[in-house]
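Data block below; observations after.
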Amino acid sequence: MMLAIDPMQKLSFKRQISNGDLVIVYERHDIMKPVKVCEGSELQNRFGVFKHSDWIGRPFGSKVLSSKGGFVYLLAPTPELWTLALSHRTQILYIADITFVVSYLEVIPGCLVLESGTGSGSLTTSLARAVAPTGHVYTFDFHEQRATQAREDFEKTGVSSLITVGVRDIQGEGFPDEFCGRADSVFLDLPQPWLVIHSAGKMLKQDGVLCSFSPCIEQVQRSCETLTTSFTDIRTFEILLRTYEVREVNLEHGGVDDIGSPGPSLPCKRRQRSRGSTNGVEKSGSSVPMANPCGESRGYTGYLTFARLKCV
Amino acid sequence: MTETSMQIDSSSQNPRITWEGCSVLLDINDGDRLVFARLNAGSTLKIGDKKCSLQPLIDCPFGSMFQVEVGQKGPHLCRIFAADADDQTAVLQENEEIQQNERKDNRALVDDNTAQTLSFEDINAMKREGAAGRQIVDALIANSSTYMTKTAFSQEKYKLKKQKKYAPKVLLRRPFTRSISEAYFKKYPARVGFLRMDVLSLLLSVANVSAYSDVLVVDMVGGILTGAVAERLGGTGHVCNTYFGVTPYPMEIVRIFNFNNEICRRIVRFPFSDLSLPEINDPGHSEVVENTMSAEMLSNSDEAPAPSSGGLPKSEEQMIQQAEDPVNNEEPAPSIDENSASSVVNAGKSQQPGKKATKEAITSWKQNGFSSLIIAAPDLDPWTVVQELLPHLSYSAPFAIYHQYLQPLASCMHNLQTARMAIGLQISEPWLREYQVLPSRTHPCMQMSGFGGYILNGIRICNNEVSIKPSSV
């Protein structure tokens with residue numbers, strides 16, 4: 001269960017893993033896998049064979065061993081871990097975008113949110129967390145099979161009571177009339193969002209917020225032109241996440257540490273790692289954790305355009 | 001489509017119409033000035049040289065626009081409707097095509113201050129005769145010799161500039177985490193520890209703030225974090241606001257949110273020493289009360305200027321200020337102050353947020369652990385704080401630490417790694433760029449915020465088993 005829908009199953013803790021739970025098997029920060037715990041099953045990976053029966057009864061967050069002595073961690077699922085671990089059926093939205101969208105759409109518990117398309121359900125899961133426990137997310141995709149897979153995923157992660165997946169060509173048909181004037185927020189991730197903006201405006205409550213995610217500036221341009229008729233406060237953003245690596249670095253003084261007596265330095269001696277050494281002589285050579293931005297990073301994800309329905 | 005178990009009675013939690021005693025954000029002239037105000041019968045707002053009652057804003061939908069009109073009763077705020085406000089965009093749209101082909105530019109422009117033939121006295125005379133702001137703007141345009149040589153876009157800019165001066169507009173906004181955070185970061189960043197809205201949002205996400213969770217919070221950013229967490233919990237779970245030493249950290253920003261009683265009740269405070277105290281039923285250990293940490297923090301927080309304290313540059317005070325309240329006329333505080341808040345209590349409306357946590361609640365958290373942890377303490381060393389707080393977190397629970405400096409987070413991350421207290425550790429920094437999107441004139445905005453803060457986040461692990469040497473992770 002990713003979210004607590006009623007107070008009895010509150011996420012509070014020292015929770016033990018039981019048969020049937022969904023766990024995120026953490027190998028490395030970039031290798032994670034969702035696994036349904038099933039007594040009698042095994043998980044096989046490069047660290048060896050893990051018996052599910054060894055996991056049952058352990059607290060979430062435990063380190064578990066394989067037959068060969070390798071290990072993994074078993075984590076409780078969260079929307080963030082799910083986003084990292086889920087199978088990408090489509091291009092998904094990443095954490096910085098998701099986070100910004102949820103806040104900027106002013107999604108809070110009790111809200112009714114419309115989304116199209118569903119895609120891999122990465123954003124949908126975060127929206128569900130934000131509307132819980134009393135709100136609801138209605139998400140639409142025109143792809144029957146994707147919708148089915150999304151439904152299965154939401155069932156698996158335990159958020160299905162907060163999400164309804166519909167099969168519908170929103171771009172062609174607009175949102176269903178039953179939501180007229182009821183939506184607090186609308187999210188569009190469609191190739192031609194300007195075709196749906198009128199419909200989205202009808203669905204929104206006064207002062208409700210719309211967001212459209214588009215990878216190309218031409219799409220943004222057309223959407224913004226269409227938005228001006230019934231929306232206000234139209235703003236377009238791009239958000240990226242810069243991540244940092246931390247490692248211990250030992251910077252040498254290159255023989256200039258003894259001011260006034262420049263002489264040959266002893267680099268070999270200084271290079272020895274002396275972590276935690278407070279010895280006055282060695283101090284200049286001790287290593288310090290330092291951070292620098294990761295070399296490889298995502299340079300672009302897409303444009304996020306927000307707008308607020310005008311008050312009549 | 002079936003309506004599963006969904007009862008959208010959000011009216012109490014997510015109101016879209018103002019009421020008497022309601023807290024609002026007033027956006028004057030498209031973000032030029034942002035004012036947090038409480039709509040009481042007697043509250044007023046000074047716009048330019050005119051003092052207007054806020055009474056007409058009561059019982060209006062959020063998102064409504066108002067304009068200052070001068071009538072027999074003196075200046076007052078008058079609601080304008082989308083239809084009226086619309087025509088200017090329509091004009092701009094019409095001009096669009098012409099403009100694409102026109103070849104106007106500024107080659108003939110000479111900046112010698114003679115373009116406007118209407119004098120200051122002329123304008124004042126118009127005002128005395130009771131001309132509406134719009135009429136003055138029209139007169140200015142008619143008397144500008146350069147207006148017609150401007151491009152449509154430039155004409156629009158000119159008009160907007162004059163409109164702001166002679167016909168100021170007031171936009172009624174809902175005080176949400178988004179708007180409050182943006183307003184503070186824009187006008188008053190020091191009070192929220194330079195925590196930008198997107199960074200705040202990221203803290204909430206990576207810490208998995210969700211319904212029914214008990215979120216341990218160290219909020220030394222004026223209460224914006226406490227408020228944001230409470231907004232996400234929507235009256236479930238708890239915002240567990242802890243502090244080092246004996247004095248709770250100020251959280252006056254929480255009062256700007258329109259939280260109902262249930263949400264306020266869920267915001268509780270307690271000193272960290274309450275958590276580190278041994279069980280009450282174990283009197284033998286009760287001597288070990290103040291650990292060194294708390295003592296250290298105590299002195300630290302005493303020295304550090306509280307983010308809420310006064311002594312701000314005058315200009316900042318003017319930009320975000322409280323609308324004048326009859327209760328508190330002398331000193332316009334930069335936010336809604338105790339006075340106006342308690343006047344609401346008198347009206348039998350709200351419960352004060354930030355009550356002391358009960359002993360039972362603290363005992364339960366000590367036994368079960370918190371479901372997540374967020375630290376936003378720009379003046380404290382993250383490692384010192386997190387090594388005290390992390391043990392109170394449930395296993396597998398996420399945590400997030402905000403800091404405006406990278407180095408302390410780097411050391412903290414290194415120590416957490418070395419001590420094998422957490423996994424999934426990452427330091428990140430969001431980069432946010434806004435765009436101007438206009439026909440044939442789309443480009444990134446000229447001004448951007450270059451920095452909104454760093455976040456270190458991770459997941460607490462259970463390390464009961466340390467049998468073998470690590471071969472991975």
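Keep in mind it's a predicted model, so treat the numbers as computed, not measured. In what follows, chains carry the letters A, B, and so on, assigned in the order in which the sequence lines appear, proteins first and then strands, with residues in each chain numbered from 1.
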Checklist entry - For chain B, which of R222(A), R247(A), M32(A), Q206(A) has the most heavy-atom pairs under 4.5 Å? => result Q206(A)
Checklist entry - Counting distance only, does the side-chain N/O of T78(A) pair as donor-acceptor with the main-chain N or O of N208(B) below 3.5 Å? => result no
Item to check | Side chain / backbone / both / neither for V101(A) at chain B, heavy atoms under 4.5 Å | outcome: neither
Checklist outcome for this item: On a heavy-atom basis, the closest approach of Y395(B) and F60(A) is CB-O, 3.0 Å
Next on the checklist: Shorter than 4.5 Å, heavy atoms on both sides: which option in I217(A), T305(A), D30(A), L241(A) has the most such pairs with chain B?
Outcome noted: L241(A)
Next on the checklist: Using 0.5 Å steps for rounding, measure from the NZ atom of K205(A) to the CZ atom of F62(B).
Outcome noted: 13.5 Å
Checklist entry - Considering all heavy atoms of both residues, which atom of T236(B) and which atom of P133(A) are nearest to each other, and what is their separation? => result CG2-CG, 4.0 Å
Next on the checklist: I need the M197(B) CE to F100(A) CZ distance, nearest 0.5 Å.
Outcome noted: 5.0 Å
Checklist entry - So I95(A) and V206(B), side chain to side chain contact (heavy atoms under 4.5 Å, CB included) or not? Walk me through it. => result CA-CA 9 Å; I95(A) 182 166; V206(B) 295; 3.6 Å; yes
Checklist entry - Do T243(A) and E429(B) come close enough that some side-chain heavy atom pair is under 4.5 Å? => result no
Checklist entry - Are K63(A) and I461(B) close enough, and set up right, to give a side chain to side chain contact (heavy atoms under 4.5 Å, CB included), and what steps lead you there? => result CA-CA 8 Å; K63(A) 184 160 94 175; I461(B) 49 168; over 6 Å; no
Checklist entry - So which part of V131(A) gets closer than 4.5 Å to some heavy atom of chain B, the side chain, the backbone, both or neither? => result neither
Checklist entry - Taking atom CG of D30(B) as the centre, does the number of heavy atoms from other residues, nucleotides or ligands within less than 6.0 Å exceed 12? => result no
Checklist entry - If you draw a 6.0 Å radius around OH in Y405(B), do more than 12 non-hydrogen atoms from other residues or ligands fall strictly inside? => result no
Checklist entry - Hey, are R232(B) and S103(A) close enough side-chain-wise for a donor-acceptor pair under 3.5 Å? => result yes
Next on the checklist: Let's go through V437(B) and E225(A) carefully: what are the C-alpha distance in whole Å and the side-chain angles of both, what is the deciding distance for side chain to side chain contact (heavy atoms under 4.5 Å, CB included) to 0.1 Å, and is it a yes or a no?
Outcome noted: CA-CA 9 Å; V437(B) 181; E225(A) 280 167 41; over 6 Å; no
Next on the checklist: So does G424(B) get a backbone contact from the side chain of Y26(A), meaning a donor-acceptor N/O pair under 3.5 Å?
Outcome noted: yes
Next on the checklist: Counting only non-hydrogen atoms closer than 4.5 Å, does E434(B) touch chain A with its backbone (N, CA, C, O), its side chain (CB onward), both, or neither?
Outcome noted: both
Item to check | Any I239(A) side-chain heavy atom under 4.5 Å of D198(B) side chain | outcome: yes
Item to check | Contact class of L406(B) relative to chain A, heavy atoms under 4.5 angstrom | outcome: side chain
Checklist entry - Where do C311(A) and P61(B) come nearest, in terms of heavy atoms and distance? => result SG-CB, 4.1 Å
Checklist entry - Which bit of L233(B) is near chain A, if near means a heavy-atom gap under 4.5 Å: side chain, backbone, both or neither? => result backbone
Checklist entry - What residue, out of D233(A), L74(A), I234(A), I98(A), has the most heavy-atom pairs lying under 4.5 Å from chain B? => result D233(A)
Checklist entry - Quick one: of R242(A), E245(A), H29(A), who has the most non-hydrogen atom pairs under 4.5 Å with chain B? => result R242(A)
Next on the checklist: Please report the interatomic distance OG1(T232(A)) to CG(L171(B)), rounded to the nearest 0.5 Å.
Outcome noted: 7.0 Å
Item to check | Contact class of I459(B) relative to chain A, heavy atoms under 4.5 angstrom | outcome: side chain
Next on the checklist: Which heavy atom of V246(A) sits nearest to which heavy atom of A410(B), and what is that distance?
Outcome noted: CG1-O, 3.6 Å
Checklist entry - Which of the residues A291(A), P289(A), C294(A) is involved in the greatest number of heavy-atom pairs with chain B at under 4.5 angstrom? => result P289(A)
Checklist entry - Would a 4.5 Å heavy-atom cut-off, applied to side chains only, mark Y244(A) and M413(B) as touching? => result no
Checklist entry - Is the distance between the ring centroids of F237(A) and Y435(B) under 6.0 Å? => result no
Checklist entry - Any chance the side chains of Q221(A) and T442(B) put a donor and an acceptor closer than 3.5 Å? => result yes
Item to check | OG on S179(B) to OH on Y104(A), rounded to 0.5 Å | outcome: 9.5 Å
Next on the checklist: Set out, in order, the CA-CA distance, both residues' side-chain angles and the distance that settles side chain to side chain contact (heavy atoms under 4.5 Å, CB included) for T177(B) and E106(A), then state yes or no.
Outcome noted: CA-CA 8 Å; T177(B) 297; E106(A) 301 181 341; over 6 Å; no
Checklist entry - Can you tell me how far CG of D184(A) sits from CZ of R16(B), rounded to the nearest 0.5 angstrom? => result 4.5 Å
Checklist outcome for this item: One should read off an interatomic distance between M290(A) CE and H414(B) NE2, to the nearest 0.5 angstrom, of 11.5 Å
Checklist entry - Would you say the side chain of I423(B) lies within less than 4.5 Å of the side chain of L75(A), judging by non-hydrogen atoms? => result yes
Next on the checklist: For E231(B), which atoms come within 4.5 Å of any heavy atom of chain A: side chain, backbone, both, or neither?
Outcome noted: both
Checklist outcome for this item: Cut-off 4.5 Å, heavy atoms of chain A, and the answer for Q436(B) is neither
Checklist entry - For S205(B) and R129(A), which heavy atoms make the closest approach, and how far apart are they? => result O-NH1, 3.4 Å
